[in-house]
Amino acid sequence: MSETRTTCPYCGVGCGVLVSPDGSVRGDPDHPANYGRLCSKGSALGETIDLDGRLLQPEIGGDPASWDAALDLVASRFAQAIAEHGPDSVAFYVSGQLLTEDYYVANKLMKGYIGSANIDTNSRLCMASSVAGHKRAFGTDTVPGTYEDLEQAELLVLVGSNLAWCHPVLWQRVQAAREKTGMKVVVIDPRRTVTADGADLHLAIQPDEDAAVFGHLLAHLWEVGAIDAAYVRDHVDGFAEALAAARAAPEPSVDLREFCRLWARTERVVTVYSQGVNQSICGTDKVASILNCHLATGRIGQPGMGPFSVTGQPNAMGGREVGGLANMLANHLDIDNTDHRGALQTFWGSPAMCTVPGLKAIDLFDACAEGRIKALWVMSTNPAVSLPDASRVADAIRTVPFTVVSDIMARTDTGDLADVLLPASGWGEKSGTVTNSERRISRQRRFLPVPGQARPDWKIICDVAKRMGFDGFDFATEAEVFAEYASSTALSVEFGRDLDLTGLSGLSAKAYDTLKPIQWPVAADGAAGGRFFAGGGFYHHGGRARMLPVTPPVAQPAGFVLNTGRIRDQWHTMTRTGKSPRLGAHLAEPFVEIHPDDAARIGAAPAGLIALRAGRARGLFRTWVTDRVQPGQLFVPMHWTRQTGPASLSNVAVKVGTDPYSGQPALKAGRVDAAPYEAEWYGFLACRAHPKVNTPYAAIARTTTGWQVEMAGDVPLDDWAGMLHNIAGAGAISRYDDPASGQVRVALSANGGLEAVLFVAPEPVRVARQTVVAQIGTDISPLLALAGRPAEGIADAGPIVCSCMSVGRNTILDAVRAGASSVDAVGAVCGAGTSCGSCRAEIAGLLVQDAPKLAAE
Ligand code: SF4
């Protein structure tokens, strides 16, 4: 049997994947996003498609139910709410994980049939400021460039983007191009990320200082005569006002002379920006400040030139196309334009078009808390974890009289709050399209049987719509949904907008099935792809762009600034990547990066725990003392949930503002207090069975032999054997106590094998974790297991850096000690970095940081 050609379901790079019948995956060499590459997450996709934890049948009130009963109930409760309280009393909160076909019918139902625009998406947390920024500057939400531009640039500027970890395959493409062309890379980021380690220049700005940096740059470009006066004259409005504001902007805190010199003298400049720009109270202005520099120099829409927003999610762009935000219509049309609304309503033949923008994500859950939303449907996302002030969001969802969650997983923090759970098909089980960051539409194809009673999201939505009495949802296949969507883009063309898929509107089922990755626009004559705006052609009146005056924000109030973000090997709330022991081995618990000066000031010890507080909310995180963050700034990862780190939800302790234009929450700049957590004890547990842990701090992760838990508590305990029995069941206990150090080690054996082992100490536990994990399930003597270290003559590999080859930090540093002075040389010695390549930036960082120290040993 042949491989199935599909698309990775994680980040916005949108890599092509080939899946074998045995579930193994490899990069699609013919896909223009990745040309055969995959990152660590993509490479581990085959480990995440089991049915463990899946929701496989509808549930009502926690009890199994038939599809008919569940769909009837959902339809009747939504219809009842609309009848009693009006269309704006119901809401959908959807996801950039949905396929375009799912998104299309969800929008059609809410905006064209229910008659409300109360449908928003978790993409609001990701790139809404870029959407608003594009619309303000260009007149539409247009990404002007292509991935090739990142390779063709002579200067690549990465702003608020940890590309090496968050879009690893794009970073690999950039690295390959750099080796050939000598392209310069500048990273602008308050934090020294692994991407910054690999840059030619790192500008460690203060949070939200980006607009001041690009304002300073614009003023410099003017002073040195680098403005493209003809381009501005012919295609751009607002130059004088934007320049005046830029010249009045405060002096940034970093030395920009080299950056400005590079930008001014280099024609082929690409500026890539991501969540570090978007997740801000002034994200849309930051985008404007970047676009201003490209518009003023005419460096846009030509090979190797232009601003480039990279999306976090696999189908954030597809959602934008079909109107997946509460303030837009499908086809890049506007809700507040009567002609646009009327044309779309005529196209749909629908009964009740929305007339005003709906509630954006934060406002939507505020409305839930205030009792204004009577029925809520959450699709394929987990707002009780992912939104800021997550506990308040959970309380808001509890307030809604009727909540539906459709998801692939039986237990999520949001699903636990639902009245009705609907089982959705997962990656590999459903079929449709996604659009990546460069406007390229790719097919996701089914290669697994649909398990249990799961159904694709588009079908669930259509079934509810039909039960609500609406026609217009009689789609037999996802191909029919796509065909209607593509046809509807004729309206975009009619109104002079950018989104044109008319060349795909007559697509047959067979042609849809075999559709190759294609970049829009796809004109009626079949011409496809390319760049926008090299010769103007913007979408504001007169075909002109708008530069905007930007006033950088004033300094923020006191307290630590909390930056939240992704780590290399996990995706969102880990419902899928958390299944892979390989991925879990990289960074297995939630941590807080804190500067050494701050750690000393608050009395936080390395590897201890820090409590972050905002009001009454608190989160506990492992202390990582590092100068990667600046004094006064903290970083925590966003992935842990009530299932995997109940005390460590990054967003519980975050109260943030939102951007006034985009409504995007400022997840990069929360304000928190930080203090050491006074632990009485720390523990490390490895076990075979899924652990049920109820300690004040617990971080649970899969391992190759079962599970591991990092734990701690602030109340003295003694019955460690009892705890181990409670977690791992019956068996023989072996215990070792060291009264001098206060350490306790307990092993539990059953049926001739090691079931669990627990290490407890008054200080953070020091054991060779990979060794301990590997011993679970073996017939090793319990007393040997209690040693917590490798057998004589075997080295402790340390924490895993290379997930594919399972190479630890200690092994890499040994290679460096032995003389390896490059990433390739390290790979030749120990194999690290020789498979998917996602860890190469981290190895390079170790070489930069540790090689000099090791040489001095
Ligand atoms: Fe998937 Fe990695 Fe490609 Fe992103 S870079 S689409 S996570 S394989």
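Atoms within each ligand, like the ligands themselves, are counted from 1 in listed order. Atoms considered below: every heavy atom in the structure, side chains included; atoms not considered: hydrogens, waters and symmetry mates. It should be emphasised that the depicted structure is a prediction, and the values quoted were computed from it without experimental measurement. For the single chain, residues carry numbers from 1 onward in sequence order.
Shown in contact with Tyr10 at under 4.0 Å from a heavy atom are these atoms of ligand 1, numbered in order with element: 7 (S). Interface of Leu38 with ligand 1, defined as ligand atoms under 4.0 Å from a residue heavy atom, comprises 8 (S). Close contacts between ligand 1 and Cys11 involve ligand atoms 4 (Fe), 5 (S), 6 (S), 7 (S) [criterion: under 4.0 Å to a heavy atom]. Near Val169, with a cut-off below 4.0 Å to any heavy atom, the atoms of ligand 1 are 3 (Fe), 5 (S). Heavy-atom contacts of Pro168 reach the following atoms of ligand 1: 5 (S) (cutoff under 4.0 Å).
Here the two rings, on Phe621 and Phe591, have centers that are 6.0 Å apart or farther. No close placement of the His572 and Trp640 rings is indicated, their centers lying 6.0 Å or farther apart.
For Ile408 against Arg54, the heavy-atom pair with the smallest separation is O-NE, 2.9 Å. Residues Pro665 and Leu125 approach most closely at CG-CD2, 3.5 Å, considering heavy atoms. Here the shortest heavy-atom pairing between Pro637 and Ile567 reads CB-CG2, 3.7 Å.
In terms of protein heavy-atom proximity, atom 8 (S) of ligand 1 is nearest to Cys39 N, 3.6 Å. Nearest protein heavy-atom contact of atom 1 (Fe) of ligand 1 is Cys8 SG, 2.3 Å.
Contact annotation: the side chain of Tyr512 never approaches that of Leu504 to less than 4.5 Å [non-hydrogen atoms, C-beta and beyond].
Gln444 and Asn315 form no side-chain donor-acceptor contact under 3.5 Å, judged by distance and modelled atom types alone.
Under a 4.0 Å heavy-atom criterion, Asn34 is not in contact with ligand 1.
The closest non-hydrogen atom to atom 3 (Fe) of ligand 1, taken over Gly14, Cys15, Ser838, comes from Cys15.
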